[in-house]
Amino acid sequence: MGAVHDFGSLIISMRHQGRTIADLSGTVINARVRILFMIVVVIGLWIVLAIFGLVIATIFKLYPSSVIPVFLQIPIAIALGIWLKRGLPMILGSLIAVGLMYASIYWSAGSDYGAKDGIFPSYLTNYLSDIGIWTLILMIYVFIASVLPVNVLLQPRDFINSWQLLIAMGLLVLGVLIAHPPIVADAVRLVPDPSASGTPAPPMFPFLFITIACGAVSGFHCLVSSGCSSRQLKTEADAQYVGYGAMLTEGFLATLVIVACTAGIGMGASGGGREIWLSYYQQWGGDAGLGAKLTPFIDGSANMIAAIGVPHHLAITLMGVFVASFAATTLDSATRLQRYVIAELVMPKPKPGGTQCAKCNYPRDGLPTDAPCPECSGDQWIGRLGLIGKTRKLVANRYSATLIAVLTASVFALSDGMYEQYYPNVYVIGKVSGGQYTPYEHYGYRVYRTKLVEGTTRMEIEKAAAFNRELSPEAASIWFDLPPLKSRLKFDFTNAGLGGLTLWPIFGATNQLLAALALLVITVWLVKSNRPYWVSAIPMLFMLAVTSYSIILLSRGFADSGNTLLMGISILMFILQLWIVIEALILLKSRKKEHAPT
């Protein structure tokens, strides 16, 4: 499904001047669908920008040896771009660039970074967390990378990353063949232990199909295919390799990731490694943070690579750089795509009788009807602009649109430092002794209540409730008599940077909703083009059914937990999906009537 999805998005975009699939939905279906589709895209990209910045920042904090090689890729990529632009041999330039990248990894892996808590001085971390600082640095980087022409940084860096991908996959395959690590994970674990009361694991169906994305089918790929890749390919013949073949390669990479997390993670451990696997995957909804999700893959992959003779510390750095590099690719591609979407949303629409170029304002007077703009070779014309039109065009400018994308993502990422949740009145049920709260039911004490300080924060309560992990999750309900949570502004950024996690629970469904809608647009385009449409219609129907069911389940869960924000967004996503499907069905029904035999 993923290969059909990526290839279809790429081909349609190539045949429509590289427009994004969201913008094309207005041409294929109607203008209303275009607006609805773009709302879904903006929300999805907003989450991607906040989360992948957090992923890179977490990698840098957990594996400091990856920082220097990742940033050294920037000048190496720029130099490679200059090399290729001057017509120098590509193979030689590639060997030099890749060699320099791995030389930086080797040097950094052997450097002593000590046991410091972070690389930033205290006069910065007293006001902003390490994660927050890295987030701002990365947002500045993606702004610069996204406004530069693609051949300056994006293309050569991604070209280097493609070699890094192939080399890493080759090393992992060799590690599997040589070490043959046994799988230490459970074959099936239908009901993982909840980490706390109220956090049961969701059903395997449909959540398995909205959790595994990039190795199977991912809505983000339709945006990259139609917004970035389509503008860089020379011929449609290349789309078979870039759109279809690359997705199959990513599916193979996903298989290696599973092997690393289920087998590689236990290599070299006493007792077969099962305890290590359980430390990461025994519970659902654990509170160990993002690092606990990244560590199994990086450590498990490093264990497999070390089996072929690569020093373990070098393998750790290699995989840390690998993950951070591809997260950076996703980050600046998402920024560029968000820029395209913002521009497509606000840019004045071209008109057949337009009097000036939509790109450079060159006057059309005296030019033949079908002639392109002599200044910029553009082929879209708009009418004369008033104040609102000029403002819209200013916002659509590459710098303005990118700035909007970066600023909103930064605010979102740091939003957890702008407010806190607290309980206005909190009562402890049980005996207070030595700073610990002894539940009365376990020791036979008479029920009484002790009032805590008004305004106790949620974090303080959770810390107090965690004093004895041996108690069952059900016992948590008798520790405290808690009123509804309230929120208040605080503007304390010393622990900020995790704001993206606020919307992360709905990212999987949003991402797969994008895939379903892209397949819908592809199907309608195939129908209107009188081509076989079943190749995209079958996966479209499956994706629509799975995402609809998952969004309904998510909405119910958010309603039960009182999370009105996520419940509202989930309901909005369901309405947008239903609306777009209805618009497409109306179009297809009217087309069937038009072509009905008489």
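Reckoned from all heavy atoms, side chains included, excluding hydrogens, waters and symmetry mates. Numbers for residues simply follow the sequence, beginning at 1.
At a threshold of 4.5 Å between non-hydrogen side-chain atoms, the residues Trp579 and Val33 do not count as touching. Taking the side chain as every heavy atom from C-beta outward, Ile47 and Trp504 approach each other to under 4.5 Å. Using a 4.5 Å heavy-atom threshold, the side chains of Val535 and Leu526 count as touching. The shortest side-chain heavy-atom distance between Leu337 and Tyr340 falls under the 4.5 Å cut-off. Using a 4.5 Å heavy-atom threshold, the side chains of Leu514 and Val41 count as touching. A 4.5 Å side-chain heavy-atom check between Ile522 and Ser9 finds at least one atom pair inside the cut-off. Contact of the Phe37 side chain with the Ile29 side chain is not registered, since no non-hydrogen atoms from C-beta on lie closer than 4.5 Å. Using a 4.5 Å heavy-atom threshold, the side chains of Leu513 and Leu576 count as separate.
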Quick one: do Leu54 and Thr135 satisfy side chain to side chain contact (heavy atoms under 4.5 Å, CB included)? Show the steps, please.
-> CA-CA 7 Å; Leu54 175 59; Thr135 298; 5.7 Å; no
Worked check of side chain to side chain contact (heavy atoms under 4.5 Å, CB included) between Val259 and Leu172 = CA-CA 9 Å; Val259 173; Leu172 289 173; over 6 Å; no
Apply side chain to side chain contact (heavy atoms under 4.5 Å, CB included) to the pair Val346 and Thr391, showing each step before the final yes or no.
-> CA-CA 9 Å; Val346 302; Thr391 302; over 6 Å; no
I would like to know whether Asn30 and Leu587 meet side chain to side chain contact (heavy atoms under 4.5 Å, CB included); could you show each step before the answer?
-> CA-CA 9 Å; Asn30 60 43; Leu587 173 68; 6.0 Å; no
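Between the side chain of Thr502 and the main chain of Gly499, a donor-acceptor pair closer than 3.5 Å is present. Between the side chain of Ser225 and the main chain of Cys222, no donor-acceptor pair closer than 3.5 Å is present. Distance alone, capped at 3.5 Å, places no donor-acceptor pair between the Arg398 side chain and the Ala343 backbone. Of the possible donor and acceptor atoms, one in the side chain of Ser162 sits under 3.5 Å from a partner among the backbone N and O of Phe159. Thr27 places no side-chain N or O within donor-acceptor distance of the main-chain N or O of Asp23, the cut-off being under 3.5 Å. At least one donor-acceptor pair closer than 3.5 Å links the side chain of Arg339 to the backbone N or O of Ser146. His5 contributes no side-chain N or O that, together with a main-chain N or O of Met1, makes up a donor-acceptor pair within less than 3.5 Å. No donor-acceptor distance shorter than 3.5 angstrom exists from the side chain of Asn161 to the backbone of Gln164, with no hydrogens or angles considered. Looking at Ser570, its side chain never comes within 3.5 Å of a backbone N or O of Ser555 through a donor-acceptor pair.
Dense packing is recorded around CZ of Phe207, with more than 12 heavy atoms of other residues, nucleotides or ligands lying under 6.0 Å away. In the displayed structure, Arg556 atom CZ is contacted under 6.0 Å by at most 12 heavy atoms of other residues, nucleotides or ligands. The local environment of CG in Leu553 is crowded, with over 12 non-hydrogen atoms from other residues, nucleotides or ligands closer than 6.0 Å.
Here Leu233 pairs with Leu10, Met14, Asp238, Ala239, Val242 under the side chain to side chain contact (heavy atoms under 4.5 Å, CB included) rule; sequence neighbours left out. Not a single ring pair (Phe, Tyr, Trp, His ring centres under 6.0 Å) links Tyr399 to another residue, sequence neighbours left out. The side chain to side chain contact (heavy atoms under 4.5 Å, CB included) check on Arg15 picks up Ile11, Glu236, Trp525, Arg531, with sequence neighbours excluded. For Ser218, the side chain to side chain contact (heavy atoms under 4.5 Å, CB included) test picks out Ala213, Cys214, Phe220, His221, Asn511, with sequence neighbours left out. Not counting sequence neighbours, the partners of Leu394 by the side chain to side chain contact (heavy atoms under 4.5 Å, CB included) test are Ser400.
Once rounded to the nearest 0.5 Å, the distance linking CG of Asp332 with OG1 of Thr402 reads 11.0 Å. Residue Ile506 holds its CD1 atom at 8.5 Å from CG of Leu554, rounded to the nearest 0.5 Å. Expressed to the nearest 0.5 Å, how far CD of Gln512 lies from CZ of Phe507 amounts to 8.5 Å. Taken to the nearest 0.5 Å, the CG atom of Leu585 stands 8.0 Å off from the CG atom of Leu520. Going from atom CG of Leu49 over to atom OG1 of Thr335 covers 4.5 Å, rounded to the nearest 0.5 Å. The distance from the CE atom of Met543 to the CD1 atom of Ile210 is 9.5 Å, given to the nearest 0.5 Å.
Between Gln577 and Ile551 the shortest heavy-atom distance is OE1-CD1, 4.3 Å. The heavy-atom pair separating Val217 from Met247 by the smallest distance is N-CE, 4.2 Å. In terms of heavy atoms, Ala405 sits closest to Ile342 at N-CD1, 4.0 Å. In plain terms, the two heavy atoms of Ser410 and Met139 that are nearest each other are OG-CG, 3.2 Å. Here the closest non-hydrogen pair linking Leu138 and Gly53 is CD1-O, 3.6 Å. The two atoms that bring Ala516 and Met540 nearest to each other are O-CG, 4.0 Å, heavy atoms only.
A side-chain N or O of Ser536 and one of Thr523 form a donor-acceptor pair less than 3.5 Å apart. Side chain to side chain, Ser13 and Ser230 meet the donor-acceptor criterion of an N or O pair below 3.5 Å.
In this pair, Tyr549 and Phe205 present their aromatic rings tilted. The plane angle is within the 30 to 60° band. Between Phe209 and Phe542, the ring planes lie perpendicular to each other; the angle is over 60°, past the 30° to 60° tilted range.
Listed by first then second residue, pairs satisfying salt bridge (Lys or Arg N to Asp or Glu O under 4.0 Å) with a partner in residues 510-521 number zero, not counting sequence neighbours.
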